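Start at 1 and go down the list; that is how both ligands and their atoms are numbered. Source: prediction; values computed, not measured.
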Amino acid sequence: MKKVFILISLIVSGILIISCAGDNNKTFTTADINIIPMPNQIDMGQGSFSLSKGNIIAVSDASLNQLAQNMAQKLKELTALEFKSGSNQNDVGIQLVLDETLNSEEGYDLQVSQQGISIKAKSTAGIQHAAQTLYQLLHPIKDGNQIKWVVPSVTISDAPRFEYRGLMLDVSRHFFDKAFVLKTLDAMAMHKLNTLHLHLIDDQGWRIEIKKYPKLTEVGAWRNNREDRHWNDRKEATTDNEKKYGGYYTQEDLKEIVAHARSLNIEVIPEIEMPAHVMSAIASYPELSCKGNAIVVPSGGVWPITDIYCAGKENTFEFLEDVLDEVVAIFPSKYIHIGGDEATKTNWESCPHCKKRMRDENLHDVEELQSYFVKRMERYINAKGKKLIGWDEILEGGLAPDATVMSWRGTKGGVEAAKQGHDVIMTPTGHCYFDYYQGPQELEPLAIGGYLPLSKVYTFNPVVEGMSEEEAAHVLGGQANLWTEYIPTPSHAEYMLFPRLAALSEAVWTQPSRKDWASFSNRLPNMFTRYESAGLNYAKSSQLVRMGSTIDLDSKALQITLETEFPNSNIRYALNNGDIENEGKPYNGPLNITESAKIKAAVFQDGKPVYKVTEKDVVFHKAVGKTVNYIIPNHEKYGGSGETTLTDVIRGSANFGDGKWQAWLDQDMEVVIDLGEVTELKSISVGCLENQGPDIYFPIKVEAQLSSDGKHYDRVGTISRPFERNAEINRRDFNIDFTPTQGRYIKVKAFNMKQNPRPGRGVWLFVDEIQVN
Ligand code: TNX
């Protein structure tokens, strides 16, 4: 048979179509198989199966009927072919078999031959995962004017590495309606995830209808609409006749969500926060707090969180038990999450009810009081036949006997809990916080901070090095957390989730030996196609060019490297006013830059940038590469690239943790730059960062002095500026101009503000470059 394969870049529903003479004769290779998460074992066979050969989905068990119908529907969406469930021997295209003898609870065997497709699994969950694999195997082949759908002959044997593969959605900070949650469940199924953790309660909104306490949603689900302002700059209105922002799920909505999740073998775990992150509840029922005073539902950030449930009054526990009664009637999940994070317990310390409770229960401190709180709730939850999960703070003051710990402040809490014999779910900020930036901050929508690119999510391993086998067995799995302070819309939420959820899915499903970043990046475009056909927004940030720079201080040549997260990206660049689209040069290795320049770069496909163009301004000056002496040493945590950081031309980004900044904590910066010879100078500028959230403030004064001998200095200029409250991240060059003056030694001082407007916290001063001209 003559095999003519012409690749045409015609995209139908986003999938590359292959033109082919035969239809089930093409033999595929592993390079054609683009399954995410990567299965345990894939063996290629001969030829392929043409879907038009059999339109019956046969089931071994009536319990699979619904699933077969759902598959038929999905296959119709993807291929326009009509499938039916049935048992007609001749037309069977796909066979679904439940097989009790298989080992893995959620695993499956999928066999495709030229004769048909057979799927075997122990559970409907396994069959469902196999179906997702099958959808990823579909290949359109162009045959004349027609498209034929084939599935490569292949034998796949697969099972998840972890039994808990989760996504947490914060629906409090911003409310996401039922339709979005249902759509997200479908997307989770695509990624073979099996747990949706719904963060239903937080300070900024109570999102679950509780019939016994109607004010929780009449009052607690609504806040003054300050959406036009930065999250941390939303002062409350003095009157209460403002437009409101908010929403909540009725119990019917939640039952529908649970039912849909169940049809996808996804468990929905409700999180009922306590004792903190509950200002929305206290605004509804002030008697739940120690002080009992009226508060409003905050419209934005609150820190520290001191308005928390009173741990002394009995009515707090009655309230929570009533709430949990209604919660367990809605959610059939094995677990109830009780939050437990970030409680500032100062009110407990002075509250007579709490003090009495501590005396009565022989508790030594407020940590033990929180532990009492959680243990008491655990007893209630256990009595309802459920298990308790809490954030890792529940370790403090003693863990409840049967609690499962969700480790978010790194993996430490998880390791500790596993040592104590408790189950653990790993969600460390460093790998699982999808509210963090995923690309260079300058090119991304506003986010909470941090930096978690796709490639880093990919390296996530819920089992921590050094854990014993027994401890590792307590790690149930991992979870991505989508906190939504900075995520106001569904499409923005999707942008933050995808494709990072694909990387996470491989981290929690695939055996480490089968993980490979280069392979993942080759399989990713196929996932993008699936996102597009599912109407999911996704980020292309991994395609942004990142510029790295090193300087050779002897030759004063700056080397700029251009890269994306993927190996072998097709990058083009242009310098200064060059037009990158038309004159962009292919990047083949580091660029040597010896004078001030603007550099632009992007990944190209079909002669066009795939996504945004990255730009960088490089400014050379008279102090480049000169020695800097530190009169006050910088803080060891932020050392930049060492002693030439401030004179290396390389500028810091808006991300304070990018390794380009030097910082001082509660101290001034004071340095002397030695130019090596007396030089005529007329300006000195100090590059600083401000990000008040994490306590980084601009200096309140900058001063420059010159000397020819290093002993006698003359002040050439000072800039003073008052403190300004500012919720944005800013970078500014504090520039001192003066009449041309001779000098060799330059003493530069930037004065730290020292007094943090938030009492009890330090003040950081961040500097990246001192430019001298
Ligand atoms: C910490 S993670 C929190 C959340 C915030 C999140 C922002 C956790 C248990 N508490 O309340 O939304 O950081 O990244």
Subject >> Neighbour list for ligand 1 [protein residues, heavy atom under 4.0 Å] >> reply: Arg173, His277, Asp341, Glu342, Trp391, Trp408, Tyr433, Asp435, Ile448, Trp483, Glu485
**OP:** Determine which pairs satisfy salt bridge (Lys or Arg N to Asp or Glu O under 4.0 Å) with at least one residue from residues 432-445, sequence neighbours left out, and list them in order.
**Re:** Glu442-Arg731
**OP:** Apply salt bridge (charged side-chain N to carboxylate O under 4.0 Å, His left out) to the pair Asp325 and Lys384, showing each step before the final yes or no.
**Re:** CA-CA 8 Å; Asp325 287 348; Lys384 298 258 155 196; 2.8 Å; yes
**OP:** Would you check if there is a donor-acceptor pair between the side chains of Ser541 and Tyr611 at a distance under 3.5 Å?
**Re:** no
**OP:** Name all residues meeting the side-chain contact (heavy atoms from CB on, under 4.5 Å) criterion together with Asp170; count only those two or more places apart in sequence or in a different chain, and write none if there are none.
**Re:** Met168, Ser172, Arg173, His199, Trp483, Thr484, Glu485
**OP:** Could you list all the ring-ring contact (aromatic ring centres under 6.0 Å, His included) pairs where at least one residue sits in residues 277-303, not counting sequence neighbours?
**Re:** Tyr213-Tyr285
Original post:
How are the rings of Tyr538 and Tyr531 set to each other: parallel, tilted or perpendicular (split at 30° and 60°)?
Top reply: tilted
